[in-house]
Amino acid sequence: MKLYLFVFLIHLFTNGLCISDVHIGYKVILAVPMEYISGFTGRAFIMGTNQMVLNFRVGLSVESVEQKYSCSLDVFLGDLKVWSSGHFSRFYTTETCVLELTQNGDLQLKGQNELVGWKTGTSAQGVQRLHLLRSGNLVLVDAFEQIKWQSFNFPTNIMLWGQRLNVKTHLTSFPTNSTSFFSFEIQHDKIALYLNSGKLKYSYWEFKPSDNRNITFIQVGNKGLNLFGDKYTKIARIPSQRLEPLRFLALGNETGNLGLYYYSPDNAKFEASFLAINTTCDLPWACKPYGICTLSDVCSCIRFITRDGMNSGCSNGTSEKFCGEKNAEMVELTGVTTVLRGPLAKANVSKEKCGNLCLDDCNCVASLYSNLELECFLYGLVIGVKQVGWGSGLSYMVKVPKVSGGQNGKSSGLKKWVLVVVGVADGLIIVLVLGLLYYYVIHKGRKNLQDTDNTS
């Protein structure tokens with residue numbers, strides 16, 4: 001199938017050389033396909049830098065996303081997208097995708113019928129031109145070269161070399177097919193990685209400067225990620241493990257891992273010189289919800305067995321909230337913990353009390369208890385679960401609904417079983433174990449029903 005992309009450009013190139021700025025009145029128009037084409041990308045590069053290795057470029061993009069077309073302004077380092085106007089909220093359009101630097105100095109993305117889907121909000125501030133710096137920072141400046149707006153103030157999931165992130169700012173990344181997202185946050189006492197799901201927030205990695213020194217801002221240097229305190233003094237560094245100069249720090253969209261990256265000319269790609277998390281099972285999204293990352297880095301499942309049978313794969317739990325001793329119970333999973341850490345729910349409590357706290361909370365689906373610290377943590381999702389060796393001192397408990405049945409509403413005495421299949425050493429043995437356990441549960445349930453009928 002032939003794809004036709006109509007591009008109307010003003011002030012694109014001069015004598016075949018890429019330019020690094022455009023002035024007020026500039027306008028670019030991309031045509032949007034009439035029909036949806038999966039995997040479609042239409043892009044017009046309008047600016048670029050002139051550097052020895054890997055130029056920065058600015059492009060206006062039309063991309064097919066979820067049966068619609070998005071319109072965005074993007075910055076690229078080589079072929080890698082390092083900033084996008086649509087990172088947090090996509091602008092969907094039909095017919096046209098327009099970029100315009102208005103006479104009032106406002107940079108806008110517009111769709112059909114002049115509908116404005118994104119803007120910098122810089123009208124009447126004296127903006128004269130849009131300029132791409134050699135650092136990759138896209139800026140709007142006035143006649144006195146004063147910056148009125150800059151892309152560095154709106155970080156995405158990538159922090160470029162020389163870019164500064166102050167305390168209380170963060171990077172974010174969004175996994176596909178998920179309502180959760182990852183964040184890398186700069187706080188006064190630490191930098192940390194978080195998994196965010198609705199109003200829930202759980203950390204899974206952190207780094208603290210020594211001697212309890214406070215952080216003011218962080219910055220990527222040639223040799224690592226530098227942490228600065230008061231009076232611009234460097235208080236800590238996460239070093240690169242390569243001699244090549246660093247180009248950026250990135251928060252992975254799919255993994256949630258944090259890495260420092262350099263460009264390898266030999267392999268013609270960016271490669272990691274540091275990763276915050278080096279073990280697959282320590283990543284929060286190593287397995288699906290209700291999955292367990294085993295010691296062999298393979299995902300297994302928390303499988304539920306009832307009188308109706310056993311679910312075939314990793315469960316997403318129940319769609320209905322359930323709580324209270326009449327409706328649910330807590331089941332401890334031996335040799336299992338979670339990489340997520342949430343706010344401390346309760347200190348100086350017993351394991352039984354910790355389980356009851358989750359049991360009585362309709363939003364809680366799991367709890368983690370520290371037998372050493374006597375601390376209890378509650379969770380609103382079962383994710384980041386991994387197998388650990390014996391003697392960890394941690395007890396991980398999952399909430400499951402109680403099952404009742406029998407004739408005339410009487411309890412059948414059939415308890416809902418939770419089976420954790422850990423490891424993949426021998427598929428045949430696992431199948432045999434599951435079959436025997438399933439037979440035992442069903443046989444026992446039927447026997448209890450017969451005993452109940454005989455006594456009634």
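Residue indices begin at 1 and follow the sequence shown.
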What verdict does the side-chain contact (heavy atoms from CB on, under 4.5 Å) test give for Tyr232 and Phe217, after you've listed the backbone C-alpha separation in whole Å, the side-chain angles of each residue and the deciding distance to 0.1 Å?
CA-CA 8 Å; Tyr232 301 95; Phe217 67 93; 3.5 Å; yes

Would you say that Cys364 contacts Leu357 through its side chain, given a criterion of any heavy-atom pair below 4.5 Å between the two side chains?
no

Please examine the side chains of Ile191 and Trp205, heavy atoms only from C-beta on, and report whether any two atoms are closer than 4.5 Å.
yes

Closest contact, heavy atoms only, Ser173 versus Phe181
O-CB, 3.3 Å

Distance in Å, Leu275 CG paired with Leu258 CG, rounded so as to fall on 0.5 Å steps
8.5 Å

Ser72 vs Ser70, test: side chain to side chain donor-acceptor pair (under 3.5 Å). Steps then yes/no.
CA-CA 7 Å; Ser72 62; Ser70 67; 5.1 Å; no

Between Asn257 (side chain only) and Gly252 (backbone N and O only), is there a donor and an acceptor less than 3.5 Å apart?
no

So Met330 and Ser367, side-chain contact (heavy atoms from CB on, under 4.5 Å) or not? Walk me through it.
CA-CA 9 Å; Met330 301 298 295; Ser367 64; 3.7 Å; yes

Side-chain touch Leu138/Leu130, heavy atoms, less than 4.5 angstrom:
yes

Under 3.5 Å, is there a donor-acceptor pair between the side chain of Gln108 and the main chain of Val116?
no

Please name all residues satisfying salt bridge (Lys or Arg N to Asp or Glu O under 4.0 Å) with Lys119, sequence neighbours left out, ordered by chain then number.
none

Excluding sequence neighbours, so at least two apart, what forms side-chain contact (heavy atoms from CB on, under 4.5 Å) with Asp266?
Ser264

If you round to the nearest 0.5 Å, how far is CG of Asn113 from OG1 of Thr96?
8.0 Å

Chi angles and distances behind the side-chain contact (heavy atoms from CB on, under 4.5 Å) call for Ser180, Leu195
CA-CA 7 Å; Ser180 302; Leu195 174 65; 3.9 Å; yes

Distance check, rounded to the nearest 0.5 Å: Lys269 atom NZ versus Asp79 atom CG?
14.0 Å

Approximate separation, where rounding is to 0.5 Å, of Leu260 CG and Leu249 CG
5.0 Å

About how many Å separate CG of Leu251 and NE2 of His170, when rounded to the nearest 0.5 Å?
10.5 Å

Holding to side chain to side chain donor-acceptor pair (under 3.5 Å), I want the full list of residues that pass it with Thr172, two or more places apart in sequence or in another chain.
His87

Salt bridge check, Asp297 against Lys386: does any charged N sit closer than 4.0 Å to a carboxylate O?
no

Can you list the steps and then say if Val398 with Val365 is a side-chain contact (heavy atoms from CB on, under 4.5 Å)?
CA-CA 6 Å; Val398 175; Val365 295; over 6 Å; no

Considering all heavy atoms of both residues, which atom of Cys71 and which atom of Thr93 are nearest to each other, and what is their separation?
CB-CG2, 3.8 Å

Considering only distance and modelled atom types, tabulate donor-acceptor pairs under 3.5 Å from the side chains of residues 369-383, sequence neighbours left out.
unit_1 : atom_1 : unit_2 : atom_2 : d
Tyr369 : OH     : Val349 : O      : 2.6
Ser370 : OG     : Glu373 : N      : 3.1
Asn371 : ND2    : Gly393 : O      : 3.0
Asn371 : ND2    : Ser395 : OG     : 3.2
Tyr379 : OH     : Leu340 : O      : 2.7

Just wondering, do Lys201 and Glu185 contact through their side chains at under 4.5 Å, heavy atoms?
yes

Where do Glu271 and Arg247 land on the salt bridge (charged side-chain N to carboxylate O under 4.0 Å, His left out) test, with the steps shown first?
CA-CA 10 Å; Glu271 297 183 347; Arg247 299 307 302 264; over 6 Å; no

Using modelled atom types and a 3.5 Å cut-off, is there a donor and acceptor pairing between side-chain atoms of Arg164 and backbone atoms of Ile218?
no

Which atoms form the tightest heavy-atom contact between Tyr202 and Gly342, and what is the distance?
CD2-CA, 3.6 Å

For the CG atom on Asn267, are there more than 12 heavy atoms of other groups (residues, nucleotides or ligands in this structure) within a distance under 6.0 Å?
yes

Quick one: do the Thr49 and Gln51 side chains pair a donor with an acceptor below 3.5 Å?
yes

Is there side-chain contact between Leu107 and Trp118, with heavy atoms separated by less than 4.5 Å?
yes

Please, which pairs that meet disulfide (SG to SG under 2.5 Å) have at least one residue in residues 190-284, sequence neighbours excluded?
Cys281-Cys293

Side chain to side chain donor-acceptor pair (under 3.5 Å) partners for Lys234, two or more places apart:
none

Should the ring pair Trp149 and Phe154 be called parallel, tilted or perpendicular, given that the plane angle runs from 0 to 90° and is split at 30 and 60?
parallel

Residues pairing under salt bridge (Lys or Arg N to Asp or Glu O under 4.0 Å) where one sits in residues 349-369, two or more places apart or in two chains, turn out to be Glu332-Lys351

NZ/NE/NH1/NH2 to OD/OE distance under 4.0 Å, Arg90 and Glu66:
no

Do Leu359 and Glu325 come close enough that some side-chain heavy atom pair is under 4.5 Å?
yes

By side-chain contact (heavy atoms from CB on, under 4.5 Å), Ala250 pairs with (sequence neighbours left out) Ile158, Phe248, Tyr261

How close do Met47 and Val22 get, counting heavy atoms only, and between which atoms?
SD-N, 4.0 Å

Looking at every heavy atom in both Lys148 and Asp142, which two are closest together, and how far apart are they?
CE-OD2, 3.3 Å

Please name the pair of heavy atoms, one in Lys399 and one in Cys323, separated by the smallest distance, quoted to 0.1 Å.
NZ-CB, 4.0 Å

Identify every side-chain donor-acceptor pair in residues 221-231 under 3.5 Å, counting partners at least two apart or on other chains, and give the distances.
unit_1 : atom_1 : unit_2 : atom_2 : d
Asn222 : OD1    : Trp161 : NE1    : 3.0
Asn226 : OD1    : Arg237 : NE     : 2.8

Is the backbone N or O of Trp83 less than 3.5 Å from a side-chain atom of Thr156, with the two atoms forming a donor-acceptor pair by type?
no

Does the side chain of Pro155 reach to within under 4.5 Å of the side chain of Gln163, using non-hydrogen atoms?
yes

By side chain to side chain donor-acceptor pair (under 3.5 Å), which residues pair with Gln150, not counting sequence neighbours?
Asn137

Give a yes or no on this: more than 12 heavy atoms of other residues, nucleotides or ligands lie within 6.0 Å of atom NZ of Lys346.
no

pair Lys208-Asp189: side-chain heavy atoms closer than 4.5 Å:
yes

Reported CG-to-CZ distance for the pair Asp21 and Arg129, which is rounded to 0.5 angstrom
4.5 Å

By side-chain contact (heavy atoms from CB on, under 4.5 Å), which residues pair with Ser240, not counting sequence neighbours?
Arg242, Leu246, Ser273

Judged by atom type as modelled, is there a donor-acceptor pair below 3.5 Å linking the side chain of Tyr204 to the main-chain atoms of Gly256?
yes

Any donor-acceptor pair under 3.5 Å from Asn253 side chain to Pro175 backbone:
no

I'd like to check the side-chain contact (heavy atoms from CB on, under 4.5 Å) partners of Tyr36; sequence neighbours left out, ordered by chain and number.
Ser38, Ser64, Gln67, Tyr69

